[in-house]
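Sequence lines set the chain letters: A, B, ... in the order given, protein chains first and strands last, and positions in each chain run from 1.
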There are 2 protein chains.
Amino acid sequence: MADRTALTGGPIPGTVLSIDAMGGDLGPAVVVSGMAKSLGKNPKLRFIVHGNQAELARLIERKRNLTGRCDIRHAAQAVRMDEKPGLVMRHGHDTSMWSAVESVRTNEAKVAVSCGNTGALMLMSMLRLRRIHGVNRPAIACLWPSRNPHGFNVMLDAGADIRADAKDLLQYALMGVSYARNGLDVSRPRVGLLNVGTEDHKGRAELKTAHDLIERAAPAADFRFIGNVEGGDLPSDRVDVIVTDGFSGNVALKTGEGTARLIRELLDEAFRYSPLSRIAALLAYTSLRRLSVRIDPRRVNGGVFLGLNGTIIKSHGSSDSTGVAAAIGLAARLAAADFTRHVSTRIADAEQAAATTIHADAENPQ
Amino acid sequence: MADRTALTGGPIPGTVLSIDAMGGDLGPAVVVSGMAKSLGKNPKLRFIVHGNQAELARLIERKRNLTGRCDIRHAAQAVRMDEKPGLVMRHGHDTSMWSAVESVRTNEAKVAVSCGNTGALMLMSMLRLRRIHGVNRPAIACLWPSRNPHGFNVMLDAGADIRADAKDLLQYALMGVSYARNGLDVSRPRVGLLNVGTEDHKGRAELKTAHDLIERAAPAADFRFIGNVEGGDLPSDRVDVIVTDGFSGNVALKTGEGTARLIRELLDEAFRYSPLSRIAALLAYTSLRRLSVRIDPRRVNGGVFLGLNGTIIKSHGSSDSTGVAAAIGLAARLAAADFTRHVSTRIADAEQAAATTIHADAENPQ
């Protein structure tokens, strides 16, 4: 079987990442552990770590492999998980989250990682990094365990914005293609538009328009458009990038996670049911372990904010050190690929192509 | 463990169901087998069976327990699975589907079951049965395997209409409550509104309005409104009825099915991986079998069309005889509960209550 952890590949050359150490539910110790863990695969990483100076210095001292690899930036406050994004802005500039985004804005770090409040992180990132020229709505891209050889599909928007018009959906397609190429090494990604049926005429009006826009953009942007896909295709191997609005994307993501969690729990129950089934569980240990790794949500930890002048990765609020390490591994990979620049170029090219088409249409009226 | 097959409960007293025998992918033999199977649990059922007279007579003759329980109605044509609903109407009245709906319209049967083309079935049902007075958009309700003691949650709309405004969502709540009460024996169902977060202020404008409308209707209609729920709550035990528009509902349904299918396949692979894991699979056979039954989509087969003057059940196009029998079991249960009448009463009461509120508001302006 091929190595499914395509995300981590070989070691990444020296690069600097910005880490919000105070954001998650489990506190900075877990984040620092995750940093130490991630060095195992990418020994040349360096970190700018944001949060309480004294606490972080103590935690980092305990992890020998972090010595000389961390630059601590003191931040007096942390954004709480339940704070409303708008209210956070009142004391925003004193927080570790703000400081972490700031290191990306000033180009000291290429990518920032935070386990904090998603809404606040998105709002801060938008305010400080600003949108790429030509992008109307930024999106959050997530990875979906799939039957594809690289082990994952990309889905976006996973919930940055509850609305998306046809042009937004086209931009999601372009940004998602760039992510699949740089994050998953898929050279010519297949793009599908999430809908309630696969026929071309299906769905809401904006989906029909988006269908045409994405189809037209495919040759120049070097991806394949396979048309409409359905919820059942999210884990399939017929598509690499699934495009949808943030409402449907969020519902799909949480439904998929909830279904996987239910089955995992029922499976555990099944194996605890009788002495015989407990023996069976022992015998099947390695096989079940392999399955469990394959569908472990921590492996796909890291929603990537796309469409901003800088790459921000949102790690799950309840991430443990394995989850944090996965998000940092993804950050390292995207930083090494100079991902932000690729996305900007792609959007600029598409804007250019659209302008040329309009120009040509004007010169050659039908 | 409680009996999770709440849907079938004890035997249902004699009642007549209308069966479209020609609709599914697998042909009439599977449908007739399903009818015979369903008699095991409900020995007093009688059927009006629609389709090719000669073929059906031959198939029914082979199943001894069907003798004297079937009334065959000849229909020269069948609706194809890939026909566009609008085009079907041109030859609609010659089809087995049309004839099956007709038996409900004329009150010969209380409920009809078809494995055919969903869009065509919905369009025919709407045209022939017409909507309940006060209902704007009919909905399709589906059952979702859950941690609840009765084993399922109700979700609607699963894809009858890609749009739903606030008043439609309120009606879905009322119809879903009626379904949970009559189909799952939940006396005071808990209703949740599918959204991208649980805070009251989340989501699109129509969802905020729907939140208020449903909250206000809860005491009179005797259900509990628990507010917003997320995709992860679909299989949970904190809610019984999940209300959403047909686009999100369809995406969620297919995402959940796709995720469950992927895990089931990975589990099979895991147990075939090595000689040791194959032995483990043998030892854990009963436990795994129990799990497999619990998440078997055939057990929850049957989308119920709600909001029409008559109850129509859409069985999955690729249903085997077990799936067809499950859909017929559900039909029998709803027929015995006089389900259609309950839904109409509930909608009429709510219309009445809304009118009274408006009247009271007008007399006591704030």
A:H211, NE2 atom: more than 12 neighbouring heavy atoms under 6.0 Å: yes
Need one label for A:R261: side chain, backbone, both or neither, based on atoms under 4.5 Å from any heavy atom in chain B. both
Quick check on the interface: out of B:V196, B:T259, B:D233, who has the most heavy-atom pairs with chain A under 4.5 Å? B:V196
From the list A:R204, A:R163, A:E230, the residue making the most non-hydrogen contacts under 4.5 Å with chain B is A:R204
Name the option with the most non-hydrogen atom pairs under 4.5 Å to chain B; the candidates are A:G232, A:G258, A:G159. A:G232
Heavy-atom cut-off 4.5 Å, strictly under: side chain, backbone, both or neither for A:L234 against chain B? side chain
Contact residues of residues 242-255 of chain A (partner chain B; heavy-atom separation under 4.5 angstrom): A:D245, A:G246, A:F247, A:S248, A:N250, A:V251, A:A252, A:K254, A:T255
Where on A:N195 is there a heavy atom nearer than 4.5 Å to chain B: the side chain, the backbone, both, or neither? both
What's the separation between atom CG in A:L266 and atom CD1 in B:I263, rounded to the nearest 0.5 Å? 10.5 Å
